[in-house]
K.L.:
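Please find one structure pasted underneath; my questions will follow.
These numbers were taken from a predicted model, which means no experiment stands behind them.
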Amino acid sequence: MRMQSKLKLAAAPLALGVALGAQPVFAQDADVTVADEEQTPPTAIIVTGSRISNPNLEQSSPIQLVTSEDIGIQQVTNAEELLVDLPGVVPGFGNNVNNGSGGFSALNLRGLGTNRNLVLVDGTRVVPSTLTSTTDLNIIPVALVERVEVVTGGASSVYGADAIAGVANFILKDDFVGAEFSGTAGINERGDGERVRADITLGAGFDDGRGNATLSLGYQNVASVLQGDRDVSKNTFFVGGQEIGSGTSVPTRLNGDQYDPDTGELVPTYNTFNFAPFNYFQTPLERFNVFATANYEVSPGVEFYTKGMFTKAKVQLQLAPSGLFGDTYDFPLNNPFLTDAIRDQLCADNEIDPATCVAAGNATDPTDDAYLEVPTIINRRLVEQGNRQRDFTTNQFQVWAGVRGGLTDLLDYDVYATYGESDRSQSNINWGLKSRVQQALRANDATTCSDPSNGCSPINLFGDGRSISPEAVAFFGQPAGNTVSTSLAVVSGSISGDLTETGFLAAETPIGFAIGAEYRDYGASQLSDVSFGTQDEVLGTGAPSPSYSGGYNVKELFGEVIVPLVENSFVYGATLEAGIRVSDYSNTGTSVTWKAGGSIEPFEGFVFRGIYQRAVRSPNISELFLPTTTGLATLAVDPCEGAAPTTNATLASICQAQGAPASSIGSIPSPSAGQVNATSGGNPNLDVETAKSYTLGVIFTPNAVPGLAFTADYYSIKVEDAITNPTTNDIIDPCFGAGGTSPDASSPACDLIGRNPLNGSLNGGGDTLGLVLALSNQGTIETSGVDARLTYDMPTGFGGLGFDFGVNWVDEIKFQASPTSINRECVGQYSSNCSFFNGEIVPEWSANGRVTANLDDFGAVSLRWRWIDGVNYEEILSTAGVLEEYQSIPGYHYFDLNVRADVDERMSLTFGVFNIFDKEPPSVSSFIGTSAQNSGNTYPSTYDVLGRRYSVTANISF
């Protein structure tokens, strides 16, 4: 048994890239242990990072990051919360993202994007929930999770090339017997954000233990938290610290000037709109899930198994009231609500003589020869409609069926098929339709539209926020939406085991191997109603969502081998490991992913390990087939705005070449709410991207200190030919100059900007391209750093003490959109450019730790600490106009306290206080990063915006 114990340490293959910043638990056993001489041999298992099932090689698994004890102590509502605080995991889209969310929660390992990692259930793929092949973490049945194993740094040869950054494998409870109920209730100290979760799990064995069936039902409900209910976000601040609001306000603005109800004239803008209080800091969620599994051993070598899951989740997003956001409308001069003064000004702006103007104002309808319309930019907040609401409802199911068992004493097999579908419907309420607003502007009188179809009622834009009638709102405020459907079919088979009964060379443990084949078929579609699929039709949505569909399939062969070379000889142990996967994609052809590595243990309890991997990721359906549309990107300052072009002839010529009329020079408006138009789409000519990664690490488990384990791993990942869009400054800087350099009219980047033909801004309708952010294979992404973890468990007179500390150091995270773009270094930096994928912050250092006292005859007390290193505004950018206190965020420390009381052997109660010291989030304005992650003047996915909160959980088992 000693040799077996030794190999549990020595065979730590490095397919793992090992993410060590683990969440500590109450009574955590060291992940790397030395077995007792009399210990029963471990059963064969397949662990994350390898398909090889030799029990002596089980340390090819990663460090066990999250266990069922973690779930209990953290009192989580969904799977996102299990992972988001781990060092090395960067916040993706979750329930703290409101403007820009797709109604799902996503995993983002290493900050490389949610499309470069995989979410697995029991080592198998889960149907993606989006067109970008992202899995929604909301569908994971948390009550059944036994543990979560996270492998970062690459696992592509084992699971497929889209695992460039790694995988999160949710391993569910197996052969559950009995009944278990868990209920959680929580609330913020400020009285909002209530959370409820209830789960019941039933399981039973049958036929003398040859079979088992388990059923789990779960319900979760998370209430909203409004930005208006937190001090940091009640008002909106610009990068210079100025309190500002949106220019889309009330009263109405026409061509940049605002209506004055007292005089009936247009005057310079005097009132803006504070949109912040209406937004969510925590988006409401309601979810119901069902999971069932069964297995039956037909004979000693044949076991049939099946499982199925169904999830129905509802997520609601909310924004400030919709509006006419600077689009161009054909404004009829006979509009019954138009004052004489405003009509005269519109005529003057369009060089219409007074007599013609008066005649046009008196025209009875569009058939009148005197009837005229003039192009007019309108900004008007439609407060009469109420808040914009976006509801997402996801229905997802997946079923598995397979057979597994032993072919011989040395070989096992597993053959399974799985099929899943996800339908995510989106309904946009209180947004409004542009075509109907245009129809309602054409009115013969205050109650009659020139075109009365569809129940048209005239819209009165000239009031103080109460002038638009309910009839008009009902006419133009029609809902719009779409449904995103995805499907995944997989057929997979593998054989694993030992090549021989004895070892190879100077090793007693035999060579472990696995071979197999897999077929996957992906399909996806987006089906939108006419309004939602039309450019510039649904007010305030940014880009439209046109209908489209696509799909591809892949055939793969894969193999792995782990070769023990030396055991208990001149070194205590040494192994080699290799793996290969050959993939034939229907869209990009054949590619090869492989890994090679090994470990050496010079003396017992000290292991060196390392692995190199090459992965090739094929573009997903969105990257290939998304139609080109115009949406929004983040930009605080337009170089052409205001008076700047009047003193620089080169700058003025560039602005005009991009479509700004000469008359607008000197008065081009600033970007609306820090956002500008951006045009992008899929690219059917995309090829694969290639990633190279390696890890080097150590494991230290000294026999002299039982219960102590230390691991540290250096990782490096480089993605070439990366499928990416340029950042906004990749377009702006080469054209207009950066860091004091002069504008360059000859730069090709200048041709990638299209301006509003009426006022020269980068905002407007479909007639304004804004920045052209084309998708290509020209990008390069790099990241490297170190993960380390220290655990120590020690017995005491009262029970035991457990210490668990994990840290992640990021050496670099770089993004270069093309060979001519800036190679941006964004470790510990934030801006709209340091947001390659989701707008996240990647600190240089992050850590967490837990100290747990296990108390006999009571339960446990656990104190958790989480630290985020200080970060700075992107260093290569000019800080001119940026408030000094917005240029850096100090390090943040958070503390949570949890107490578990074991009422009896069947019932326990857990009480928790989170963010004990009610740490306020940093304030850096809402215009310094992307709209998705930089919201409410802070970064709500990175820093706690909820404040101190309380939770209680009851667990009862029978």
K.L.:
Which heavy atom of Glu80 sits nearest a heavy atom of Ser105, and at what distance?
P.N.:
OE1-OG, 3.0 Å
K.L.:
Check Arg866 with Asp896, please: is the shortest side-chain N to carboxylate O separation under 4.0 Å?
P.N.:
no
K.L.:
Do the side-chain N and O atoms of Gln220 and Asn78 include a donor-acceptor pair separated by under 3.5 angstrom?
P.N.:
no
K.L.:
Whether the Asp902 and Ser908 side chains hold a donor-acceptor pair (N or O, under 3.5 Å, no angle test) is what I'd like checked.
P.N.:
no
K.L.:
Checking the side chain of Tyr892 only, and the main-chain atoms of Glu920 only, is there a donor and an acceptor separated by less than 3.5 Å?
P.N.:
yes
K.L.:
Do Glu567 and Thr509 have side-chain atoms, one donor and one acceptor, less than 3.5 Å apart?
P.N.:
yes
K.L.:
Any side-chain to backbone donor/acceptor pair from Asn96 onto Gln282? Under 3.5 Å, distance only.
P.N.:
no
K.L.:
Checking Asn955 against Ser957: is there a side-chain donor and acceptor pair closer than 3.5 Å?
P.N.:
no
K.L.:
Report the residue from Thr695, Thr711, Asp713 that forms a side-chain hydrogen bond (donor to acceptor under 3.5 Å, both in side chains) with Arg609.
P.N.:
Asp713
K.L.:
Can Arg197 and Asp199 be counted as an ion pair, charged N to O under 4.0 angstrom?
P.N.:
yes
K.L.:
Out of curiosity, Leu909 CG to Arg900 CZ, how far, rounded to the nearest 0.5 Å?
P.N.:
11.0 Å
K.L.:
Could you go step by step and tell me if Asp869 and Trp867 meet the side chain to side chain contact (heavy atoms under 4.5 Å, CB included) rule?
P.N.:
CA-CA 6 Å; Asp869 192 15; Trp867 172 57; 3.6 Å; yes
K.L.:
Just by distance, no angles: are the side chains of Gln75 and Asn898 close enough, under 3.5 Å, to form a donor-acceptor pair?
P.N.:
yes
K.L.:
Could Asp918 and Arg190 be called an ion pair, given the rule that one side-chain N must be under 4.0 Å from one carboxylate O?
P.N.:
yes
K.L.:
Can you measure from CG (Leu83) to CG (Asn108) and round to the nearest 0.5 angstrom?
P.N.:
11.5 Å
K.L.:
Do the side-chain N and O atoms of Asp787 and Asn808 include a donor-acceptor pair separated by under 3.5 angstrom?
P.N.:
yes
K.L.:
For the residue pair Arg195 / Thr77, report whether a side-chain donor-acceptor contact shorter than 3.5 Å exists.
P.N.:
yes
K.L.:
Let's go through Arg949 and Asp944 carefully: what are the C-alpha distance in whole Å and the side-chain angles of both, what is the deciding distance for salt bridge (charged side-chain N to carboxylate O under 4.0 Å, His left out) to 0.1 Å, and is it a yes or a no?
P.N.:
CA-CA 11 Å; Arg949 52 198 180 275; Asp944 191 324; 2.6 Å; yes
K.L.:
If you count every heavy atom of other residues, nucleotides or ligands that lies below 6.0 Å from Asp904 atom CG, does the total exceed 12?
P.N.:
yes
K.L.:
Assign the ring pair Tyr714 / Tyr694 to parallel, tilted or perpendicular, where the plane angle (0 to 90°) is split at 30° and 60°.
P.N.:
tilted
K.L.:
For a quick check under 3.5 Å, do Ser784 and Ser716 share a side-chain donor-acceptor pair by atom type?
P.N.:
no
K.L.:
Any side-chain donor-acceptor pair under 3.5 Å between Thr575 and Ser599?
P.N.:
yes
K.L.:
What orientation do Phe700 and Phe606 show, parallel under 30°, tilted 30 to 60°, or perpendicular over 60°?
P.N.:
perpendicular
